[in-house]
Undergrad: 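First the structure, then my questions, so here it is.
Predicted, not measured: the structure shown is a model, and the values here were computed from it. All chains are named by letter (A, B, ...) in the order of the sequence lines, taking the proteins before the strands, and each is independently numbered beginning at 1.
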Amino acid sequence: MLQPGLSFEQAPPISVPFRFFLSAPLFGLACAALVLWQGPDLFASRWTPSALAATHLLTLGVMASTMIGAMMQMLPVLVGAPMPAPRAVAWITHVLLVAGTLALAGGFLLLWPLLLRAAVVALGIGFGVFVAAVAASLARVRAWNTTVGVMWLATIALAAAVALGATLAASLGWGLALPSPAFHELHPAWGLLGWIGVLVIGVAYQVVPMFQMTPAYPGTLTHWLTWAIFAVLVLWSAAQLALGEAGATLATALALALGGAFVAFALVTLELQRKRRRRQADVTLDFWRVGMASLVVAAACWAARLLAPDRLPEGFDLFLGVLALAGVALSVINGMLYKIAPFLAWFHLQTAVAGRATVPHMRKILPEGAQRGQLRTHLAALALLLAAPWWPVLSYPGALVLGASMVLLLRNLIAVARAHRATLAQAAVPGAA
Amino acid sequence: MASIEEFMAQHHKACDAHFAAAESAVGDDDWSAAAREFDAFAKGMAHHFEMEESVLFPAFEERTGMDGGPTYVMREEHEQMRGILGALKAAVAARDADEYLGQCETLNVLMQQHNIKEEQVLYRMMDQHLGGEADMLLGRFDELAAA
């Protein structure tokens with residue numbers, strides 16, 4: 001009577017998550033190349049075609065890709081829910097995500113409707129397959145826990161963000177009228193706050209105490225926070241869609257509440273990390289702290305934008321965008337990769353070599369120095385890109401350093417893949433021990 | 001009535017404390033404290049594996065008929081942890097801080113994801129299926145400690 005979801009053994013093959021991890025820095029590099037090519041023009045407004053293209057290379061190519069790869073890996077481990085047909089789901093999702101992201105960025109840059117239509121189809125199907133596979137595995141979970149709830153919420157938010165984005169892209173691709181101008185606000189909100197935000201919070205509940213041995217998040221927070229964020233997102237969307245201008249005050253209040261919820265999460269996380277029992281320097285920890293500090297500042301900017309929209313300097317939206325994307329999301333995701341990738345390599349090697357070779361520990365698979373060098377480059381890129389909306393000429397060094405950071409990230413991930421391969425080869429030699 | 005989840009999760013935490021103390025001592029180059037804390041950690045881990053492999057897992061397997069599922073994977077991960085504990089012991093003897101800290105990093109991820117699976121799924125299932133016998137089962141741990 002082996003019930004589905006109760007056997008822990010269904011970790012997918014290592015190629016499933018790794019294809020998503022390895023393609024991520026390539027899209028980061030494409031984003032950096034675009035920023036370099038477009039220069040200060042890109043930072044003129046969040047609505048320039050090049051800003052839209054760069055944003056989506058980052059959000060789809062780097063962030064969604066890494067998070068999908070990590071989620072395919074983590075579902076079986078954290079919630080005991082294996083994904084159906086992981087190889088096929090990974091293959092279809094990855095190919096369509098790569099093709100759709102390139103088509104979307106190309107469509108924005110060239111203003112070519114055919115590419116935008118292709119992007120709508122590819123990303124619609126690619127994300128659709130992934131969302132369906134996650135829903136199928138979550139539906140089989142018998143033992144409900146906080147993480148299962150968070151995974152549901154994040155997956156629904158992803159579906160909403162994709163549907164809103166597809167409507168926006170379709171309106172450009174087919175020249176259709178938008179159902180509501182609010183879609184321009186709702187799409188990034190569901191993508192960043194609903195999908196990335198809720199998933200990061202849910203993952204933090206597990207990994208922040210686990211990696212550094214901090215106290216657990218308070219139960220009051222873990223029981224309510226992600227549900228509250230989700231509910232407020234729904235109400236905020238409804239207020240904008242149904243009430244329009246009449247609901248402006250209500251919408252502002254709800255948006256402020258969203259900002260407050262994320263600040264609470266960031267401050268609690270920083271406090272827990274301060275109380276950590278493992279005291280060794282740790283690159284992932286530093287990435288998290290950069291992410292959480294950026295989150296507090298981003299939420300303050302978000303509040304300023306809501307309360308005094310007319311008194312903000314030009315470039316404020318882009319500053320907030322860089323802070324939320326590169327400062328919060330990219331930092332956390334990048335930091336997580338440095339735990340997930342080497343551990344996965346180690347974990348798969350343990351079973352694969354079965355004593356025929358010595359499996360190197362995580363810091364031999366990916367030395368700390370290599371991680372720290374990339375962290376420093378990431379911080380330099382972040383500082384330059386945050387300044388670029390105010391001093392546009394900084395977009396050039398910002399793009400170059402972002403590119404360097406992505407090259408180093410790629411180098412580090414390839415080092416992990418190589419260590420994995422080398423140990424397998426060693427184990428295949430007869431008589432090796 | 002005792003809760004298996006509560007008791008065992010508490011023991012995880014006790015082991016964690018020695019793990020973190022040993023790691024800090026190695027980081028501070030204090031090898032006598034490191035050896036003392038590592039020893040306490042290794043003993044705690046051995047006792048924990050014993051409580052599960054000799055008492056809880058067999059009772060659970062017998063009650064549910066699930067002997068190829070969660071407990072099988074948990075036993076496998078115990079073996080992997082025993083392997084790293086051996087490497088840590090050698091690193092303490094050789095006073096090799098890089099080796100010790102690198103193995104710690106690996107053991108921590110392995111151990112914590114293992115604990116999450118036990119605390120959030122397996123122990124809860126045990127409390128469901130073995131609830132009535134929990135006091136008797138937890139009582140048998142003392143015999144292990146005495147042995």
Undergrad: Would you please name every residue forming a side chain to side chain contact (heavy atoms under 4.5 Å, CB included) with B:E6, sequence neighbours left out?
TA: B:S3

Undergrad: Select one option (side chain, backbone, both, neither) describing which atoms of B:A17 are under 4.5 Å from chain A's heavy atoms.
TA: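 Both parts, backbone and side chain.
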
Undergrad: What residues of residues 97-109 of chain B sit under 4.5 Å from chain A when you count only heavy atoms?
TA: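 Within residues 97-109 of chain B, the residues that come under 4.5 Å of chain A (heavy atoms only) are B:D98, B:E99, B:L101, B:G102, B:Q103, B:C104, B:E105, B:T106, B:N108, B:V109.
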
Undergrad: Report, in residue-number order, which members of residues 413-424 of chain A are under 4.5 Å from chain B by heavy-atom distance.
TA: none

Undergrad: Counting only heavy atoms not in A:R411, do more than 12 fall under 6.0 Å of its CZ?
TA: yes

Undergrad: Would you say B:E53 has more than 12 foreign heavy atoms packed within less than 6.0 Å of its CD?
TA: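 Counting other residues, nucleotides and ligands, CD of B:E53 exceeds 12 neighbours.
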
Undergrad: Among A:R276, A:R279, A:Q280, single out the residue with the greatest number of heavy-atom pairs under 4.5 Å to chain B.
TA: A:Q280

Undergrad: Chain B heavy atoms under 4.5 Å from A:T147: which part of the residue, side chain, backbone, both or neither?
TA: side chain

Undergrad: Any residues in residues 206-213 of chain A near chain B, with a heavy-atom distance under 4.5 Å, and which are they?
TA: A:Q206, A:M210, A:F211, A:M213

Undergrad: When only pairs under 4.5 Å are counted, which of A:E368, A:R277, A:R278, A:Q350 shares the most heavy-atom pairs with chain B?
TA: A:R278

